[in-house]
Number of protein chains: 2
Amino acid sequence: MTSHAQTGVDLTKNQTLVMGALSSADGPLSAYTILDQLRDDGFRAPLQVYRALDKLVEFGLVHRLESLNAFVACRHTECGDRGQTIFLICETCGKAIEVTDKAIARRLKTVATGALFALQTATVELRGTCDACRAA
Amino acid sequence: MTSHAQTGVDLTKNQTLVMGALSSADGPLSAYTILDQLRDDGFRAPLQVYRALDKLVEFGLVHRLESLNAFVACRHTECGDRGQTIFLICETCGKAIEVTDKAIARRLKTVATGALFALQTATVELRGTCDACRAA
DNA sequence: TTTATTGCGTAACGGTATAACGTGTGCAAT
DNA sequence: ATTGCACACGTTATACCGTTACGCAATAAA
């Protein structure tokens with residue numbers, strides 16, 4: 001109930017491997033880091049990773065962090081609501097906290113509409129320091 | 001009064017050239033596009049562009065679009081308020097509209113604080129279709 | 001059976017960004 | 001004046017990110 005395991009999608013072998021790597025990581029991973037981790041499983045080329053990532057993102061199981069050029073497993077039960085995800089990225093430990101906020105989603109929609117802009121997706125990535133790192 | 005020309009910073013030759021390229025462009029430019037445009041002015045290597053861009057971003061004259069890996073001249077009179085800029089990026093024409101919204105800035109701050117996160121900067125980039133392209 | 005779709009593997013490539021080196025210039029403090 | 005420092009600059013090399021183009025195999029649909 002806390003994972004995406006039961007969204008009904010069934011993953012291919014490569015997709016499963018990439019998903020596994022991201023799920024067991026404790027922070028965002030770059031495509032090339034994933035590639036390196038999966039060499040022993042037969043991965044040889046970036047394209048194998050990118051193809052799997054494309055699908056996983058499409059399924060909503062993985063998010064792409066634009067400001068990091070990296071990918072992270074979605075920690076939410078339901079990410080069907082697109083464009084609502086906000087990431088808090090710690091500059092110190094590199095981890096990403098995923099949150100949603102309806103007020104921001106609503107306001108972004110309003111701002112876009114006000115500019116006569118047909119909104120499709122939103123990227124919201126905040127940089128700063130997480131609680132653990134600030135305490136340390 | 002509508003440009004940054006009088007912010008008091010004075011730019012070096014390379015910074016001026018890069019700023020000129022971005023100012024006369026009608027959309028975001030990648031670093032390598034800028035490099036190509038400035039070959040005749042003596043530019044030879046990416047680093048010349050990146051160094052200038054770093055400074056221009058630091059001065060607040062230029063914004064970096066994370067989701068595009070590109071750069072755009074700031075069109076606001078005052079961007080001293082950092083972390084408040086929102087970009088509306090048209091998927092069709094590639095242009096970027098720059099807006100600010102205090103409500104979003106405030107709410108982002110609140111969300112970060114709620115997560116015990118010390119917010120430094122915010123990246124907010126919306127994708128969709130601009131009015132001109134939708135009409136076309 | 002034929003065709004279309006989808007996933008997979010490989011190689012080569014192009015776009016993005018930085019590291020590491022050294023040079024020159026201006027300027028302040030001796 | 002010369003030493004020391006900070007800063008911009010130029011060059012080469014390299015690392016990192018992502019895609020194009022090709023072909024093969026398995027499966028699903030007509």
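In what follows, chains carry the letters A, B, and so on, assigned in the order in which the sequence lines appear, proteins first and then strands, with residues in each chain numbered from 1.
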>> Distance check, rounded to the nearest 0.5 Å: B/Leu88 atom CG versus A/Leu116 atom CG?
In response: 10.5 Å
>> Which residues pass the salt bridge (charged side-chain N to carboxylate O under 4.0 Å, His left out) test with B/Arg134, not counting sequence neighbours?
In response: B/Asp131
>> On DNA chain C, compare the nucleotides closest to A/Gln15 and B/Phe71; which residue's is nearer the 5' end?
In response: A/Gln15
>> In this structure, how many angstroms lie between the C1' atom of C/dA17 and the CG atom of B/Leu68, rounded?
In response: 16 Å
> B/Asn14 CG to D/dT11 C1': how many Å, rounded?
Replying inline: 14 Å
>> Once side-chain hydrogen bond (donor to acceptor under 3.5 Å, both in side chains) is applied, do any residues pair with A/Thr33, and if so which ones, sequence neighbours excluded?
In response: A/Ser30
> For B/Leu65 and C/dA17, what is the distance between atoms CG and C1' respectively, to the nearest whole Å?
Replying inline: 17 Å
> So which of residues 40-54 of chain A are in contact with DNA chain D, with a heavy-atom cut-off of under 4.0 Å?
Replying inline: A/Leu47, A/Tyr50
> Atom CG of A/Leu56 to atom P of C/dG7: distance rounded to whole Å?
Replying inline: 11 Å
> For B/Glu66, what residues pass the side-chain hydrogen bond (donor to acceptor under 3.5 Å, both in side chains) criterion, not counting sequence neighbours?
Replying inline: B/Arg64
>> Quick one, A/Thr113 and A/Leu119 - any side-chain contact, counting heavy atoms below 4.5 Å?
In response: no
> Do B/Val62 and B/Val72 have side chains that get closer than 4.5 Å, going by heavy atoms?
Replying inline: no
> Within this structure, what is the CG-to-C1' distance between A/Leu17 and C/dG9, rounded to whole angstrom?
Replying inline: 15 Å
> Any side-chain N or O of B/Lys55 less than 4.0 Å from the OP1 or OP2 oxygen of D/dA8?
Replying inline: yes
> Does the separation of the ring centres of A/His63 and A/Phe71 fall below 6.0 angstrom?
Replying inline: no
> Atom CG of B/Asn69 and atom C1' of C/dT18: how far apart are they, to the nearest Å?
Replying inline: 14 Å
> Should B/Phe43 and B/Gln37 count as side-chain neighbours, where that means a heavy-atom distance under 4.5 Å?
Replying inline: no
> Axis-to-axis angle across the helix from C/dT1-D/dA30 to C/dT30-D/dA1, five pairs an end, to 10 degrees?
Replying inline: 20°
> A/Arg64 CZ to D/dT19 C1': how many Å, rounded?
Replying inline: 12 Å
> Does any donor atom in the side chain of B/Thr100 or B/Gln84 lie under 3.5 Å from an acceptor atom in the other side chain?
Replying inline: no
> Is A/Glu91 salt-bridged to A/Arg127, cutoff N-O under 4.0 Å?
Replying inline: yes
> Is any side-chain nitrogen or oxygen of B/Thr12 closer than 4.0 Å to OP1 or OP2 of D/dC9?
Replying inline: yes
>> So A/Leu11 and A/Leu61, do their side chains get closer than 4.5 Å, heavy atoms only?
In response: yes
>> With the threshold set at under 4.0 Å for non-hydrogen atoms, list the residues of residues 29-38 of chain A touching DNA chain D in residue-number order.
In response: A/Ser30, A/Tyr32
